[in-house]
Structure formats: C-alpha cells, structure tokens
J.: 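Sharing a structure, written as structure tokens. Questions coming.
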Number of protein chains: 2
Amino acid sequence: MKLCGRKAQRTRAHGLHFFLANMHTCSLASKHDTLVKESIQFNKFLHSGIWYRSGMTDTSKKPPSRPRRVTAKTVADLAGVSRSAVSRAFTPGAYVESEKRRRILQIAAETGYQPNALAAGLKGGQSNLVAVFVGDMRSPYDAAFVGQLTRRLIGMRKWPILVDQANGQPEAALDDLLRFPLDALILRGGSMSQQIVERCARFNVPTISSGRPVEGPGVDTVCCRNADGLRRLTELLVQRGCRRFGFLNGPREFYSSSQRRTGVLQALTQAGLPLVAEARGDYTVEGGHAAALELLNRHRIDALICANDAMAIGALAAARAVSLDVPGDLAVTGFDDIDMAGWPIFNLTTVRNPIDQAVDAIIHLLDLRQAEPKKAPDRIDLDPVMIERGTH
Amino acid sequence: MKLCGRKAQRTRAHGLHFFLANMHTCSLASKHDTLVKESIQFNKFLHSGIWYRSGMTDTSKKPPSRPRRVTAKTVADLAGVSRSAVSRAFTPGAYVESEKRRRILQIAAETGYQPNALAAGLKGGQSNLVAVFVGDMRSPYDAAFVGQLTRRLIGMRKWPILVDQANGQPEAALDDLLRFPLDALILRGGSMSQQIVERCARFNVPTISSGRPVEGPGVDTVCCRNADGLRRLTELLVQRGCRRFGFLNGPREFYSSSQRRTGVLQALTQAGLPLVAEARGDYTVEGGHAAALELLNRHRIDALICANDAMAIGALAAARAVSLDVPGDLAVTGFDDIDMAGWPIFNLTTVRNPIDQAVDAIIHLLDLRQAEPKKAPDRIDLDPVMIERGTH
DNA sequence: TTGTACGCGTTATCAA
DNA sequence: TTGATAACGCGTACAA
C-alpha cells in the first residue's frame with residue numbers, strides 16, 4: 001500500500017513568476033488598439049482573478065484546452081502553508097492562526113481562488129443544485145413564478161438550473177440532467193404534461209410538484225384549490241344574473257384544466273344551469289383569442305369563464321371583435337391574476353393563484369425534507385382569492 | 001386609475017402555523033387512502049431507482065442524513081466487473097465486449113445508476129454548467145430571452161443556472177455562485193446595472209455580455225445597434241410630420257437607455273428639431289404609465305418615443321387617460337418588439353430587438369471560445385428591425 | 001494549532 | 001479487451 005504516492009508530484013513548476021509569464025501571453029492575445037488601457041487591465045486582473053495552468057502538461061502534444069482554475073494547492077504553496085490550512089481558512093469554525101488566515105485570504109483574493117463547489121459537494125453529499133422545471137417561459141405566470149422562486153432559492157444558496165419543458169427531446173436531456181446529484185427537483189407541474197411530471201417524480205431525488213399532485217415516495221406537493229376558485233367565481237356570476245355560460249378550457253394534458261372545469265360544473269349543476277358552450281385553448285393569449293372568437297360566433301352566451309388569464313385577455317379582444325360589450329353583453333373572467341390582469345386596459349375579474357404563497361410553501365417543504373429525507377410525502381393546499389374587477 | 005397601486009397590497013397573513021395546520025390535515029388525508037398502493041409503489045421504485053447506503057457508516061452515531069446515490073462501484077459489484085468496465089460502458093467510443101456492456105447497462109437501469117456529473121467534471125475540466133444573469137424575470141423581454149436561451153443551451157447539454165439580479169445582496173451570492181467551475185457566464189447586460197456586469201466580467205470565466213459591451217480578456221459581446229434603431233424610427237416620425245418630440249428614457253444605470261436616447265438626439269439634431277420633453281421610467285409598464293402621465297400633463301408633444309415596449313404600453317394607457325388620440329394626436333413608439341406589442345389592442349409601432357439572433361450569436365460565441373479559450377474578445381452587432389404598426 | 005492521509009466518484013493511462 | 005491505479009480538488013479525522 002503506497003501511502004505517499006502524491007509526494008511524487010513535487011516537480012510542478014509554479015510560483016508567482018509563472019503567473020506573470022502566463023498573464024503576459026494572455027495580454028498579448030488580446031492586444032489591440034488600446035495599448036495603455038491594456039496594462040491597466042492587466043494589473044486589475046492580476047488582483048482579481050488569475051488562471052493557473054499546470055506546467056507539466058503544458059509541453060505535451062495535446063493543446064492545453066482550457067486553463068485550470070486556481071486550486072487550494074497553489075494558494076498553499078504561495079502562502080507557504082499546507083493545503084489543509086487553506087481549506088480551514090475558508091471554513092468558518094476552523095482553527096487557523098488569525099495572522100496566517102489573513103495571509104491566506106489575501107493571497108486567495110489576489111489569485112482569485114475560490115473553493116471548488118463541485119469537489120466540495122462530491123465529499124459532503126450536498127451539491128446545492130436544484131432543478132426547476134417549467135412549462136413555458138413565455139407564459140407570464142410561469143415567468144413570474146420562476147422569478148420569485150429563483151430569488152428565494154438563491155437567497156438560501158441553492159442554485160436553480162432552469163429547464164424549459166418546451167424543449168424538443170426532453171427524454172434524453174432529462175437523463176443527462178439527472179447525472180448531477182441534485183438536492184431537489186422542483187416541478188411547476190400545473191403547466192407541464194402528465195408524462196414529464198411522472199417521469200421526473202420517479203427518480204429518487206427529493207421532488208416538489210407545484211400545481212399538480214403526484215404520488216410517490218419523496219414527492220411533496222403544493223396545490224391551488226382550482227375547483228374551489230372557479231366554483232365560487234361561477235356562483236358569483238350566477239348571482240349577478242348570468243345564465244348562459246361558456247367555458248374556455250385549457251390543454252387536455254394539463255392538470256389545472258380539468259380541475260378548473262370541475263369547479264365550473266359544480267356551481268352550474270348546483271344552480272340547475274347548463275354549460276352552453278365549451279372550447280379549448282392553449283393557455284396563451286393568441287390561442288385564447290382564436291378559441292373565443294370561434295365560440296362566440298357559434299353560441300350566444302352571457303358569461304365566458306376562461307381557464308387562465310392569458311386566454312381571458314385574448315377573449316376580451318375577441319369580444320371586442322364581435323362587438324360584444326364587456327361586461328354589458330358578456331362577462332369574461334380569468335384565473336391566476338397575473339400582473340397584466342390588473343392593468344386598467346384589461347381590468348380583468350379573476351381568481352388569484354397566489355405565487356408568493358406557492359413559493360413559500362415550496363421553500364418550506366424543501367426545508368422539511370432536507371431535515372428529514374425519508375419522511376412521508378406532504379401536501380399543501382392553497383386557497384385562491386377572488387379578485388373582482390370590471391369584466392363581470 | 002392607478003396602475004402601480006397594486007404593488008402596495010402585500011398581504012402576508014400566512015406564516016408557519018398556516019402551513020403546519022394545512023399540511024397536517026392534508027398529509028393525513030393522502031396517506032390514509034393509499035396504504036395498499038404504498039407497497040406497490042415501493043416495489044416499483046425498487047426497480048426504477050435505488051438508493052444505496054454505505055454499510056460502514058450506517059452504524060455510526062451520526063444520523064445517516066441522506067441516502068447516497070448509486071455509484072459505479074455498486075454496479076460493478078453487482079455485474080461482477082471492474083469499476084472501469086462500468087465507466088467504459090457509459091463512454092461512447094470505449095472498448096467493452098458488447099455482451100458485457102449490455103449486462104452493465106441493464107443493471108445500471110435497474111438500480112437507476114447514472115454517472116455522477118460532478119465527479120466527471122472534476123476530472124474532465126468541464127462542468128457543463130453555465131450561469132445566466134438577467135435583470136428581472138417580470139420583464140417580458142427578459143423572460144422571453146431566458147426561455148429561448150435556456151432551450152438552446154439545454155439542447156447542447158449545457159445547464160443554465162438562472163440568477164435574477166433583483167436579489168437583495170448579489171455580492172455575497174455572486175461569490176458563492178462562482179465557487180462552481182462554470183463553463184461560461186452569460187449576462188443579459190442590457191437590463192443589468194453597470195456595477196454587476198463589470199463585477200461579473202472580472203472573474204476569469206469565459207463571459208458573454210448581451211446588450212452591453214464590456215471590456216476584458218475573455219469577455220465577448222453581443223449588442224443591438226440601439227442608436228441606429230431609434231435614429232431611424234425618429235427619422236420616420238419626422239417624415240410623417242411629427243415636430244414636438246418627447247422621450248421616455250429608461251433607468252440611468254442601464255446601458256441601453258443612453259444608447260437609445262443618443263439615436264433620438266441624432267435624428268432630431270439632423271432635422272433641426274428640439275427634444276421638447278423628457279422623463280425617466282423604470283422599463284416597466286407601471287413605471288412607463290406614471291412617467292408618461294406626468295410628461296403629457298406638463299408638455300404638449302405630438303410624438304412620444306419610449307425606450308422600451310413595456311413603457312410604451314404604459315404610455316398608451318396614459319394617453320388614453322388624458323384623452324389624447326393615438327396616433328391622431330400623439331404618436332407612441334417602443335423598442336424590443338415583445339409579443340405584446342403585436343397584440344391588436346396595442347398594435348405598437350416599435351423596433352425589433354431580435355432575441356433569436358441574439359441567442360444565436362451567444363451560442364456561436366460560446367462555441368468559438370470553447371474551441372479557443374484564449375482568443376481575443378469578439379463582438380457581434382445586431383441590426384434592429386423597424387416594425388411599423390398602428391401607433392404612429 | 002498544524003500537517004498528513006484518506007475518501008468522495010469519475011475518467012484516463014498503462015500494463016497485462 | 002480488461003482491471004489496477006493515478007489523478008481531479010476538496011473536507012476532515014487523526015496524529016503530531
């Protein structure tokens with residue numbers, strides 16, 4: 001058993017002179033019309049971040065593809081201490097003589113050294129990487145969701161890898177992604193197809209599905225009570241005198257679509273009213289416009305309930321196109337309460353699908369599972385909020 | 001009618017007690033009716049992904065916090081081959097007897113083994129991680145940009161870590177992020193403050209700045225010819241008879257703001273016309289509405305050029321509020337050509353800041369630098385496209 | 001307080 | 001074609 005095998009690599013060429021030589025060639029490469037500026041840049045970069053290239057492999061026939069990061073070993077040599085001292089200098093509670101720590105951090109700053117998170121994660125079991133799956137970033141709701149979630153995750157030093165489901169071949173890409181030891185998988189399942197969500201949930205990575213309940217060990221769920229929201233909204237419309245209802249449904253494979261439809265039907269059944277007309281859109285403004293236009297041309301209704309705000313906004317344009325006054329001739333409502341819904345030009349009556357609460361819940365579930373990885377799946381249900389504006 | 005009034009209503013009535021109460025009932029509910037299913041699920045998961053826990057550390061006093069991933073060693077033992085054989089089975093061009101490879105892959109599939117990308121990156125020098133910095137996901141332009149870029153990156157198996165600059169303390173977070181050996185840093189600099197952009201560019205990670213030119217070795221740039229775009233647009237308005245111009249500027253610290261203003265001034269100077277009025281918004285619809293409202297109340301103008309589409313859309317509402325007909329009394333124009341600009345309700349005359357071309361350019365620069373890491377900085381300039389619609 | 005040695009999971013090299 | 005072994009960069013138990 002060879003214990004001191006690493007000692008063999010003492011023949012490395014390094015030291016400050018090496019850096020300078022390296023920097024020199026670098027600055028030559030980028031020489032151009034700004035010669036004076038260059039030297040300023042040079043000094044600036046000397047103190048902010050330096051690439052270290054192994055001297056040994058430099059002479060080999062292979063092109064030294066990419067300069068390597070500065071490593072703890074380099075800093076240790078430069079500071080005349082052991083590599084573990086450098087590691088300790090970067091560990092909050094560790095024992096290092098304060099003067100020595102100061103010197104190490106000084107040199108680290110000059111060389112731009114940062115502990116390699118990948119190597120650290122390899123040992124510690126935590127990568128601090130989290131995958132966030134989302135349906136389509138063009139959807140205002142998804143975009144807002146991602147924005148808020150991202151901020152929260154970064155605040156707790158988890159780094160979100162964003163995956164847009166609209167990719168061509170998610171299957172192969174998914175496998176590649178799961179080669180990373182992710183701390184968690186967050187699915188904005190409400191806007192994703194069943195297939196993808198279920199597939200994701202089968203990997204043994206702690207998973208949180210938002211917007212679609214998923215069964216499976218280690219899979220927690222955050223859900224909005226979709227049916228409740230549209231049931232109450234429909235009741236309100238009935239109470240306001242609407243009698244001939246139309247429903248603009250979302251894509252078949254989205255969970256929220258069927259949930260929301262259920263709420264409408266519950267209220268209508270209760271009131272003894274029929275669903276006069278129904279159409280399907282794709283949750284976009286354009287799709288909603290087209291679907292609503294056709295529906296309004298075929299049927300006479302006095303209320304059009306849309307499965308989300310984007311389609312409702314498209315429907316408003318459609319109503320205008322066929323000269324229907326909103327809300328005089330026709331009530332139009334949405335779901336989600338995206339920012340746009342509140343703009344005076346739309347002033348859309350809708351149901352708020354609370355993003356901030358959903359994100360809070362996700363973070364909470366993340367904490368819980370991190371504390372106890374093998375706990376039973378949890379589920380948090382969120383109550384939607386009626387937002388009465390001017391289109392009903 | 002106040003557009004930005006809604007921001008004030010931040011009702012955070014929900015705290016931890018809410019979640020706990022909610023969760024308790026829910027988890028009980030879902031656990032209750034699926035007792036039988038549970039064991040089936042268990043078996044299913046046994047064959048789709050297995051966590052392997054080291055037998056040695058199991059007996060130690062520490063709580064075995066998280067089950068470990070299946071590793072190549074495990075698969076090798078199960079298949080009765082060496083670790084290297086497993087590694088080779090997953091390497092496309094490697095020598096493994098086809099029958100042996102088949103067996104290895106079979107067992108890998110059963111155990112859910114995937115090579116650990118972190119460990120592979122540690123060795124190979126490529127992490128396949130890319131950081132994407134963006135101003136604010138609530139901006140439709142940034143959201144669309146991120147969506148397209150994400151899809152392209154994932155297509156080439158680079159994984160985007162999304163960082164929303166709107167975070168509170170980006171400084172500390174930034175340091176933490178850079179502990180990852182990122183393959184590249186992509187900055188949507190047009191919507192970020194100078195400070196952040198320059199700070200990012202100082203790390204010796206291959207960097208691509210989109211929307212703001214940045215000097216530095218290893219920093220490539222993709223830029224839209226902002227000034228050109230608004231110069232041509234202004235010329236068009238002059239030609240159409242506009243004489244009293246107002247300009248709705250963007251945030252001071254955004255590069256695109258001053259660029260776009262320059263274009264307007266060039267055209268006006270050329271035509272011998274003054275800039276009658278000027279105001280600053282924050283690139284949001286709400287901000288644009290407020291700024292435009294005040295500007296229109298103070299000055300009589302016949303053309304309002306806005307530095308981006310979002311503000312222009314806010315300005316349209318402001319014009320309506322002060323009973324100005326667009327385009328009869330007032331021309332209103334934007335910049336970017338976000339989806340919304342094309343909606344019939346807005347039908348906004350604008351200048352397209354081509355996202356697809358920008359993303360293409362970014363990917364191209366990424367490839368170039370990957371092939372030759374030390375090459376001189378490159379810069380690609382994009383030509384904006386006039387989009388004449390109905391507001392001029 | 002400091003340094004040595006080992007393990008994390010991979011890929012690459014080299015000898016068999 | 002295969003298996004042993006050396007890196008990769010880090011944290012850390014352990015000995016000094």
Side-chain angles (χ1 to χ4, degrees), chain A residues 1-12 52-54 56-57 60 62 65-66 68-77 79-101 103-104 108 113-128 179-181, chain B residues 52-54 56-57 60-62 66 68-77 79-101 103-104 108 113-128 179-181:
Chain A
M1 174 172 300
K2 244 183 243 171
L3 288 179
C4 42
R6 301 184 71 118
K7 276 184 183 167
Q9 57 166 23
R10 277 281 157 86
T11 49
R12 285 210 165 161
Y52 174 73
R53 186 149 44 107
S54 152
M56 295 303 286
T57 55
S60 88
K62 270 189 189 171
S65 58
R66 202 181 127 182
R68 294 221 176 84
R69 268 169 78 103
V70 180
T71 174
K73 175 88 171 67
T74 311
V75 176
D77 290 349
V81 297
S82 76
R83 205 187 46 72
S84 20
V86 176
S87 178
R88 275 193 282 265
F90 276 85
T91 307
Y95 298 127
V96 201
E97 195 199 357
S98 75
E99 166 56 22
K100 186 175 277 189
R101 162 171 265 151
R103 200 169 76 245
I104 292 174
Y113 168 75
Q114 290 270 82
N116 185 327
L118 258 51
L122 196 54
K123 181 80 210 249
Q126 283 234 351
S127 66
N128 289 328
R179 293 190 168 196
F180 290 93
Chain B
Y52 176 75
R53 189 144 41 107
S54 151
M56 296 303 285
T57 55
S60 86
K61 59 224 159 189
K62 270 189 189 172
R66 202 181 126 182
R68 293 221 177 85
R69 268 169 78 104
V70 180
T71 174
K73 176 87 171 70
T74 311
V75 177
D77 290 349
V81 298
S82 75
R83 261 206 329 270
S84 337
V86 176
S87 177
R88 276 192 285 265
F90 277 87
T91 307
Y95 297 126
V96 200
E97 196 198 355
S98 74
E99 166 58 22
K100 185 175 276 187
R101 162 172 265 150
R103 200 168 77 246
I104 292 174
Y113 167 75
Q114 290 270 82
N116 185 327
L118 259 51
L122 193 56
K123 183 77 216 260
Q126 283 234 352
S127 67
N128 290 329
R179 294 192 167 196
F180 289 93

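Below, read A as the first sequence line, B as the second, and so on, with proteins coming before strands; counting in each chain starts at 1.
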J.: Given side chains that start at C-beta, do those of B/Asn116 and A/Phe180 come closer than 4.5 Å, heavy atoms only?
T.: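 A side-chain contact under 4.5 Å is absent here.
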J.: Please give, in whole Å, the distance from D/dA13 P to A/Tyr95 OH?
T.: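 Rounded to whole Å, this separation is 12 Å.
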J.: Mind checking whether B/Leu122 and A/Leu122 have side chains closer than 4.5 Å, heavy atoms only?
T.: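 B/Leu122 vs A/Leu122: side chains touch.
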J.: Side-chain contact, heavy-atom cut-off 4.5 Å: A/Thr74 with A/Thr71?
T.: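 The answer is yes, as the side chains (C-beta and beyond) meet within the 4.5 Å cut-off.
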J.: Rounded to the Å, how far apart are A/Leu118 CG and D/dA7 C1'?
T.: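 So the two atoms are 16 Å apart, to the nearest Å.
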J.: Would you mind telling me which of C/dG3, C/dT2, D/dT1 lies closest to the side-chain atoms of A/Val81?
T.: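 Closest nucleotide among those given: C/dG3.
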J.: Once side chain to side chain contact (heavy atoms under 4.5 Å, CB included) is applied, do any residues pair with A/Arg179, and if so which ones, sequence neighbours excluded?
T.: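 A/Asp176, B/Phe90, B/Gln114, B/Pro115, B/Ala117.
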J.: Assess whether side chain to side chain contact (heavy atoms under 4.5 Å, CB included) is satisfied between A/Ile104 and A/Val75, documenting all intermediate values.
T.: CA-CA 7 Å; A/Ile104 292 174; A/Val75 176; 4.2 Å; yes
J.: Could you check whether any side-chain N or O of B/Arg88 sits under 3.5 Å from a backbone N or O of B/Ala94, counting only pairs where one atom can act as donor and the other as acceptor?
T.: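 No, because the side chain of B/Arg88 does not come within donor-acceptor range (under 3.5 Å) of the backbone of B/Ala94.
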J.: To the nearest Å, give me how far apart CD1 (A/Ile104) and P (D/dG11) are.
T.: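 For the pair A/Ile104 CD1 and D/dG11 P, the rounded distance is 12 Å.
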J.: B/Gln126 CD to D/dC8 P: how many Å, rounded?
T.: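 In whole Å, D/dC8 P and B/Gln126 CD are 17 Å from each other.
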J.: Would you say a side-chain N or O of B/Lys100 is under 4.0 Å from OP1 or OP2 of D/dT2?
T.: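 For D/dT2, OP1/OP2 do have a side-chain N/O of B/Lys100 under 4.0 Å.
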J.: Protein-nucleotides 9-11 of chain C N/O pairs closer than 3.5 Å?
T.:
| from | atom 1 | to | atom 2 | distance (Å) |
| --- | --- | --- | --- | --- |
| C/dT10 | OP1 | B/Tyr113 | OH | 2.9 |
| C/dT10 | OP1 | B/Asn116 | N | 3.1 |
| C/dT10 | OP2 | B/Thr71 | OG1 | 2.8 |
| C/dT10 | OP2 | B/Ala72 | N | 2.6 |
| C/dT11 | OP2 | B/Ser87 | OG | 2.5 |
| C/dT11 | O2 | B/Lys123 | NZ | 3.0 |

J.: Take atom CD of A/Glu99 and atom P of C/dT2, then tell me their distance rounded to the nearest Å.
T.: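 Result: 11 Å.
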